[in-house]
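For reference, the structure is listed below as structure tokens.
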Amino acid sequence: MGSIPHIVEDFQGVLRVYIHDDGSVIWKDCCFHKGHNLQLRLYKPAAESNATSKLPILYYLHGGGFCVGSRTWPNCHNCCLRLASGLCALVVAPDYRLAPEHRLPAAMEDALTSLKWLQAQALSENCDAWLSDQRVDLSRVFVVGDSSGGNMAHHLAVELGAGSPGLDPVQVRGYVLMAPFFGGTVRTGSEEGPSEAMLNLELLDRFWRLSLPVGDTADHPLANLFGPASPLLEPLELDPVLVLVGGSELLKDRAKDYAKKLKDMGKKIEYVEFEGKEHGFFTNDPHSEVGNSVLQVIQGFISQKSDKL
């Protein structure tokens, strides 16, 4: 494809999704779970600028309320192209089973399986050529989750614990939660505010109704991290977390509350809010001015956490 961005999806003129593929990133698909026929997509810079340093690895978990989405969707693909080129990283974008056919915790299980696949590759004598390259640093893995993917990133952080010892020789250094999709039966201030152009409370409620185990509410521990049945987070050792959210998002208050509570517990967490932005502001337009700002924040987080063992 040429370097000129072109429209691949147009939703009644309200949302246009462009693919911006200038050839600076190459990609391919791999199967990571034959039983569930689950694929992931690998991205890496076509030309690596600094031959003396290895590429960090970014896992990108797409959003979609646990019910829709795929690595093949144009917005997800475009976002991963941008992450790989802008951060000079190898990006891994796994699919996962979707609700309502596969209710939670299926998606969480698949996300963990995708990381176990990376571990298996690292331990294999016949690993994928892209991962055997001396330019890939398996000790510098970062998990980036968007919306429901951000929720999954949190639960991975809890499951794997600080230093992710169960993934050795793979090491996760930190987690980036982009407008994480958390829930609860009690409404927050931002949820009671105006709807967004592409998101409203009815849709959020529907996603929870379709994705959680039948009969459960949004206070389920996989949705509400601080609900009546949720396990305590304070005793846990977690890797650093970066939370990014738009100032006009329905999910803003839950993300902000999550960051505040973890900070009060003494966890290593940063919170960055982008004024006036709505849900998907980076994923749907990663080449925008604010998209560049998001990349700068993530790059700073990666650089800082890469220096600390």
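Worth knowing before you read on, the calculation uses all heavy atoms, side chains too, and leaves out hydrogens, waters and symmetry mates. For reference, positions follow the sequence shown, starting with 1.
Linking ILVMFWY residues whenever their side-chain heavy atoms come closer than 4.5 Å, directly or via other members, leaves Leu123 and Phe32 in distinct clusters. Hydrophobic clustering (ILVMFWY, side-chain heavy atoms < 4.5 Å, transitive): Met198 and Leu210 are in distinct clusters. Residues Leu203 and Leu98 are members of one and the same hydrophobic cluster, defined by side-chain heavy-atom contacts under 4.5 angstrom among Ile, Leu, Val, Met, Phe, Trp and Tyr.
Closest approach of Val243 and Pro180 over heavy atoms only: CG1-CD, 4.3 Å. Counting all heavy atoms, side chain and backbone alike, Ala153 lies closest to Val143 at CB-CG1, 4.0 Å. Shortest non-hydrogen contact noted between Ala111 and Met152 is CB-CE, 3.6 Å. The heavy-atom pair separating Lys305 from Pro240 by the smallest distance is CE-CB, 3.7 Å. When all heavy atoms are compared, the tightest approach of Ser148 to Gly64 is OG-N, 3.3 Å. The heavy-atom pair separating Arg103 from Leu212 by the smallest distance is NH1-O, 2.6 Å.
For the atom pair NE2 (His36) and OH (Tyr96), the distance works out to 15.0 Å, reported to the nearest 0.5 Å. Distance check, rounded to the nearest 0.5 Å: CD1 of Ile57 to NZ of Lys44 gives 11.5 Å. The OG1 atom of Thr283 sits 3.5 Å away from the CG atom of Asp146 when rounded to the nearest 0.5 Å. Cys76 contributes atom SG, which lies 9.5 Å from atom CG of Leu81 (distance to the nearest 0.5 angstrom). Separating the CG atom in Leu222 from the CE atom in Met108 is a distance of 4.5 Å, to the nearest 0.5 Å. Separating the CG atom in Leu115 from the CG atom in Asp110 is a distance of 11.5 Å, to the nearest 0.5 Å.
The main-chain N or O of Gly246 is never found under 3.5 Å from a side-chain atom of Glu273 such that the two would form a donor-acceptor pair. Asn151 contributes no side-chain N or O that, together with a main-chain N or O of Phe182, makes up a donor-acceptor pair within less than 3.5 Å. Checked by atom type and distance alone, the side chain of Ser190 pairs as donor or acceptor with a backbone atom of Leu250 at under 3.5 Å. Judged purely by atom type and a 3.5 angstrom limit, Gln119 uses its side chain to pair as donor or acceptor with the backbone of Gly166. For Tyr43 (side chain) and Ser85 (main-chain N/O), no donor-acceptor pair under 3.5 Å exists by modelled atom type. Side-chain atoms of Gln39 never come within 3.5 Å of backbone atoms of Pro94 as a donor-acceptor pair (strictly under, hydrogens ignored).
In this structure Glu191 satisfies the salt bridge (Lys or Arg N to Asp or Glu O under 4.0 Å) test together with Arg254, sequence neighbours excluded.
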Subject >> Full working for side chain to side chain contact (heavy atoms under 4.5 Å, CB included) between Val176 and Leu244 >> reply: CA-CA 7 Å; Val176 180; Leu244 306 177; 4.0 Å; yes
**OP:** Start with the C-alpha gap between Arg173 and Ser164, add the side-chain angles, then the distance that decides, and say whether side chain to side chain contact (heavy atoms under 4.5 Å, CB included) holds.
**Re:** CA-CA 8 Å; Arg173 296 291 190 96; Ser164 52; over 6 Å; no
Subject >> Worked check of side-chain hydrogen bond (donor to acceptor under 3.5 Å, both in side chains) between Asn126 and Ser124 >> reply: CA-CA 5 Å; Asn126 299 305; Ser124 173; 5.0 Å; no
**OP:** Before giving the answer on side chain to side chain contact (heavy atoms under 4.5 Å, CB included), spell out for Cys88 and Leu55 the whole-Å C-alpha distance, their side-chain angles and the decisive distance to 0.1 Å.
**Re:** CA-CA 7 Å; Cys88 196; Leu55 298 176; 3.7 Å; yes
Subject >> side-chain hydrogen bond (donor to acceptor under 3.5 Å, both in side chains) assessment of Glu249 paired with His279 >> reply: CA-CA 6 Å; Glu249 296 204 44; His279 199 62; 2.6 Å; yes
Subject >> CA sep, side-chain torsions, deciding dist, call: Asp29, Arg71, salt bridge (charged side-chain N to carboxylate O under 4.0 Å, His left out) >> reply: CA-CA 10 Å; Asp29 289 329; Arg71 76 195 189 287; 3.3 Å; yes
Original post:
Given the rule in the side chain to side chain contact (heavy atoms under 4.5 Å, CB included) test, do Val290 and Lys277 qualify, once you have shown the distances and angles that lead to the verdict?
Top reply: CA-CA 9 Å; Val290 71; Lys277 298 303 175 182; 4.1 Å; yes
**OP:** Give the C-alpha distance, both sets of side-chain angles, the deciding distance and a yes or no for side-chain hydrogen bond (donor to acceptor under 3.5 Å, both in side chains) between Gln299 and Ser303.
**Re:** CA-CA 6 Å; Gln299 182 64 75; Ser303 298; 3.2 Å; yes
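By the 4.0 Å N-to-carboxylate-O rule, Asp205 lies close enough to Arg187 to be salt-bridged with it. For Asp264 and Lys260, the salt-bridge test passes: some basic side-chain N is under 4.0 Å from an acidic carboxylate O. Between Arg206 and Glu202, at least one side-chain nitrogen of the basic residue sits less than 4.0 Å from a carboxylate oxygen of the acidic one, meeting the salt-bridge criterion.
With contacts defined as side-chain heavy-atom distances shorter than 4.5 Å, the pair Trp130/Lys28 qualifies. Counting heavy atoms from C-beta on, the side chains of Val158 and Leu238 come closer than 4.5 Å.
Using a 3.5 Å distance cut-off with no hydrogens or angles, the side chains of Asn292 and Arg82 do pair a donor with an acceptor.
In this structure, Lys261 is positioned above the aromatic face of Phe226, its NZ or CZ under 6.0 Å from the six-membered ring centre and within 45° of the axis.
Residues in residues 221-241 take part in these side-chain hydrogen bond (donor to acceptor under 3.5 Å, both in side chains) pairs, two or more places apart or across chains: Asp219-Asn224.
The environment of CD in Glu159 is sparse: at most 12 heavy-atom neighbours from other residues, nucleotides or ligands sit within 6.0 Å.
Less than 6.0 angstrom separates the ring centroid of His77 from the ring centroid of Trp27.
The aromatic rings of His154 and Tyr258 lie perpendicular to each other, with more than 60° between the two planes, well past the 30° mark. Between Phe181 and Phe207, the angle of the ring planes goes over 60°, which puts this pair in the perpendicular group of the 30/60° scheme.
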